[in-house]
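Indexing begins at 1, ligand by ligand and atom by atom, following the structure's order. Quick note: numbers below take in every heavy atom, side chains included, and nothing from hydrogens, waters or symmetry partners. One is the number of the first residue; the rest follow in order along the sequence.
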Amino acid sequence: MSYDVKDISLAPEGKKKIDWVQRHMPVLEHIKAEYEKEKPFKGIKIASCLHLEPKTINLGLTLLAGGAEVAMTGCNPLSTQDDATAAGATMGLNMYGWREETTEEYYETIHKVLDHEPDILIDDGADMIFLVHKERPELIENIMGACEETTTGIHRLKAMAEDKALKFPVIAVNDAYTKYLFDNRYGTGQSTFDSIMGSTNVLIAGKTVVVCGYGWCGRGIAMRANGLGANVIVTEIDPIRALEARMDGYRVMKVAEAVKYADLLLTVTGDIDVVTKEHFKNMKDGCILANSGHFNVEINKGDLMDMAVKHEQLKPDIEGFVMEDGREFYLLADGRLVNLAGERGQGHPAEIMDMSFAVQALSAKHLLGAKLENKVYKAPDEIDDRVSRLKLKAMNIEIDELSPRQSEYLANWEEGT
Ligand SMILES: NC(=O)c1ccc[n+]([C@@H]2O[C@H](COP(=O)([O-])OP(=O)(O)OC[C@H]3O[C@@H](n4cnc5c(N)ncnc54)[C@H](O)[C@@H]3O)[C@@H](O)[C@H]2O)c1
Ligand SMILES: N[C@@H](CCSC[C@H]1O[C@@H](n2cnc3c(=O)[nH]cnc32)[C@H](O)[C@@H]1O)C(=O)O
């Protein structure tokens with residue numbers, strides 16, 4: 001086994017965290033037990049580039065139980081939990097990465113997992129897939145395909161496929177219902193506030209929370225902000241989503257107007273320059289800024305730096321920017337996704353990643369036999385069906401089945417009033 005982690009002596013602490021999340025990941029545990037018997041990945045090498053924390057290590061252990069050689073690295077320089085990687089390295093996983101990597105180190109560790117010459121890639125944000133295409137094209141011939149975890153990664157890969165630049169098939173794990181309806185919505189909703197409240201220790205009730213982007217993540221964040229007693233304002237560029245936000249009960253306006261009221265402003269668009277100089281000019285004094293979208297480009301930190309007469313590191317992940325007129329804004333976690341890169345960011349709850357990673361484990365197996373073109377495919381419906389049924393079973397929830405009469409009725413176009 002090969003590893004390059006911060007401190008291998010942290011393994012016992014990491015092992016306890018892994019044991020804990022395993023108790024809350026029944027679907028993945030079920031698949032792990034099945035893979036243990038079937039060994040579908042015997043002789044297969046899998047490289048992953050995912051947030052390295054206990055739940056992700058549990059995905060690695062599931063693939064390992066299935067007979068794979070597994071090499072793992074992180075998909076964000078700030079989200080790795082060093083005790084979890086140490087534990088993973090002692091449990092049979094090739095492990096590379098540590099918290100607070102430089103950009104150079106981040107790409108070096110991706111190269112290290114690629115040195116294992118993988119057959120299957122599991123990526124989050126598509127950095128590893130791009131690196132293979134740009135710098136390690138000799139590996140492409142051996143690669144059966146990849147699974148991509150997140151919305152922005154899929155947008156980028158679809159653009160690549162359209163340009164005929166994608167050289168192996170990709171399964172869009174994010175687009176499975178059992179992923180985005182739960183992970184992006186309830187996962188991001190909870191973990192974003194978990195991290196912000198943990199590091200700032202401020203009250204949410206009574207505050208005005210501005211949510212930029214009313215996609216699946218934005219909906220989850222707005223819902224939780226509302227539940228915590230905040231006044232929620234949504235900003236959008238899509239008229240349908242803006243209408244939905246309005247009818248869900250929130251105020252909707254341009255971001256240039258919303259910043260005047262924001263006590264806490266959260267971006268979840270996957271876009272660039274959502275909040276920039278023109279917005280900081282009118283922003284409410286004391287506004288806390290955080291991002292839960294893909295990259296640290298949604299809130300333009302460069303503009304904040306340019307405008308600030310004073311920049312102070314107030315806490316490990318809270319930076320203060322004092323404007324000429326005395327107003328001060330606070331940026332969390334360097335504008336990187338706060339639910340994972342924040343000082344207190346633990347990522348999504350285990351019960352949520354249980355489903356996302358079950359889809360990953362089943363999609364990786366799907367790549368084994370499937371004859372696919374170099375395109376982006378939605379995860380097969382059977383995977384969604386299986387994961388949702390296993391989850392309901394684990395939650396002791398039973399649902400009804402269609403009777404033959406009902407099936408016939410629903411399929412019949414002739415029967416009317
Ligand atoms: N933090 C996490 O753990 C986590 C989890 C899942 C997804 N993500 C990431 O979060 C981002 C959002 O994911 P999603 O699944 O909600 O995507 P989505 O496509 O469902 O939603 C994004 C929304 O942002 C809107 N938007 C785009 N540009 C905008 C702008 N300039 N101003 C206002 N609104 C704008 C779009 O119209 C869309 O409604 C992606 O980058 C995704 O990769 C993060
Ligand atoms: N490389 C990008 C990745 C985007 S992260 C967004 C993805 O993180 C995933 N995620 C959220 N919480 C966790 C977690 O606790 N463990 C592993 N992955 C997580 C989630 O499925 C989502 O699609 C970046 O760092 O900006």
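Residue Trp216 has at least one heavy-atom neighbour below 4.0 Å for each of these atoms of ligand 1: 16 (O), 20 (O). Near Leu337, meaning under 4.0 Å from one of its heavy atoms, ligand 1 places the atoms 1 (N), 2 (C). Per-residue contacts place Asn76 under 4.0 angstrom from the following atoms of ligand 2 (heavy atoms of the residue considered): 24 (C), 25 (O), 26 (O). Below 4.0 Å from some heavy atom of Asp238 lie the following atoms of ligand 1, by number and element: 37 (O). Using a 4.0 Å cut-off to heavy atoms of Gln346, the atoms of ligand 2 that qualify are 15 (O).
Side-chain contact check for Lys301 and Asn296: no donor-acceptor pair (N or O, by modelled atom type) lies under 3.5 Å. With 3.5 Å as the limit, one finds no donor-acceptor pair spanning the side chains of Asn282 and Lys260. At a cut-off of 3.5 Å, with distance as the only test, a side-chain donor of His111 or Glu135 sits close to an acceptor on the other residue. Counting only N and O atoms by type, the side chains of Tyr214 and Asp248 include a donor and acceptor under 3.5 Å apart. A donor-acceptor pair shorter than 3.5 Å cannot be found between the side chains of Gln190 and His348.
Only the side chain of Arg241 comes within 4.0 Å of ligand 1, judged by heavy-atom distances. Under 4.0 Å from ligand 2, the heavy atoms of Phe357 that appear belong solely to its side chain. Contacts between Asp124 and ligand 2, counted as non-hydrogen atom pairs separated by less than 4.0 Å, involve both the backbone and the side chain. At a heavy-atom cutoff of 4.0 Å, ligand 1 is contacted by the side chain of Asn339 but not by its backbone. Residue Val268 touches ligand 1 through its backbone alone, judged by heavy-atom distances below 4.0 Å. No part of Thr188 comes within 4.0 Å of ligand 2, judged by heavy-atom distances. Contacts of Thr150 with ligand 2, taken as heavy-atom pairs under 4.0 Å, involve both backbone and side chain. When non-hydrogen atoms are compared, ligand 2 lies under 4.0 Å from the side chain of Leu337 (C-beta onward) but not from its backbone.
Taking atom 23 (O) of ligand 2 as the reference point, the nearest protein heavy-atom neighbour is Lys179 NZ, 2.7 Å. Nearest protein heavy-atom neighbour of atom 1 (N) of ligand 1: Ser292 O, 2.8 Å. Nearest protein heavy-atom contact of atom 5 (C) of ligand 1 is Thr188 OG1, 3.3 Å. For atom 10 (O) of ligand 1, the nearest protein heavy atom (residue, atom name, distance) is Gly293 CA, 3.5 Å. The closest protein non-hydrogen atom to atom 19 (C) of ligand 2 is Met353 CE, 3.5 Å. Residue, atom and distance of the protein heavy atom nearest to atom 37 (O) of ligand 1 are Glu236 OE1, 2.8 Å. Of the protein's heavy atoms, Ile237 CG2, 3.9 Å lies nearest to atom 32 (N) of ligand 1. The shortest contact between atom 41 (O) of ligand 1 and any protein heavy atom is with Thr152 OG1, 2.5 Å. For atom 16 (N) of ligand 2, the closest non-hydrogen atom on the protein side is Glu53 OE2, 2.9 Å. With hydrogens left out, the protein atom closest to atom 31 (N) of ligand 1 is Asp271 OD2, 3.1 Å, a heavy atom. Looking at atom 5 (S) of ligand 2, its nearest protein heavy atom turns out to be His51 NE2, 3.0 Å. Atom 16 (O) of ligand 1 has its closest protein heavy atom at Cys217 N, 2.9 Å.
For Arg251 and Tyr261, the positive end sits near the middle of the six-membered ring, less than 6.0 Å away and at most 45° from its axis.
Annotation: Asp127 places no N or O atom under 3.5 Å from an N or O atom of ligand 2; distance criterion only. Annotation: Asn184 places an N or O atom under 3.5 Å from an N or O atom of ligand 1; distance criterion only. Looking at ligand 2, you'll find an N or O of His348 within less than 3.5 Å of one of its N or O atoms.
Atom CG of Leu289 is separated from atom CG of Leu265 by 5.5 Å, given to the nearest 0.5 angstrom. Distance check: Leu93 CG to Ser2 OG gives 11.5 Å after rounding to the nearest 0.5 Å. Note that CZ of Arg99 is 8.5 Å distant from CG of Asn76, once rounded to the nearest 0.5 Å.
Distances shorter than 4.0 angstrom occur between a heavy atom of His348 and an atom of ligand 1. Ligand 2 lies less than 4.0 angstrom from a heavy atom belonging to Thr56. No heavy atom of Asn174 sits closer than 4.0 Å to any atom of ligand 2.
Checking side-chain atoms of Arg327 against main-chain N and O of Asp285 turns up no donor-acceptor pair under 3.5 Å. Formation of a donor-acceptor pair under 3.5 Å by the Thr188 side chain with backbone atoms of Arg185 is not found in this model. The main-chain N or O of Asp82 is found under 3.5 Å from a side-chain atom of Thr85 such that the two form a donor-acceptor pair. Remark: side-chain polar atoms of Lys315 are paired, donor with acceptor, to backbone N or O of Ser199 under 3.5 angstrom.
Between Tyr3 and Tyr96, the gap from one ring centroid to the other reaches at least 6.0 Å.
The side-chain heavy atoms of Ile272 and Glu298, taken from C-beta on, include no pair separated by under 4.5 Å. Between Leu266 and Leu264, some side-chain heavy-atom pair lies under the 4.5 Å cut-off.
Compare Thr151, Thr269, Asn174, Val274 by their heavy atoms: the one nearest to atom 13 (O) of ligand 1 is in Thr151. Of the candidates Lys55, His294, Gln360, Arg336, His294 brings a heavy atom nearest to atom 24 (C) of ligand 2. Distances from atom 1 (N) of ligand 2 to the heavy atoms of Gly125, Cys75, Ser356, Ala341 put Cys75 nearest.
By the 4.0 Å N-to-carboxylate-O rule, Glu34 lies too far from Lys32 to be salt-bridged with it.
Across Thr56, Asn94, Ile46, a single residue satisfies side-chain contact (heavy atoms from CB on, under 4.5 Å) together with Met72, and that is Thr56.
Every residue two or more places apart in sequence or in another chain that forms a ring pair (Phe, Tyr, Trp, His ring centres under 6.0 Å) with Phe168 is listed here: His133.
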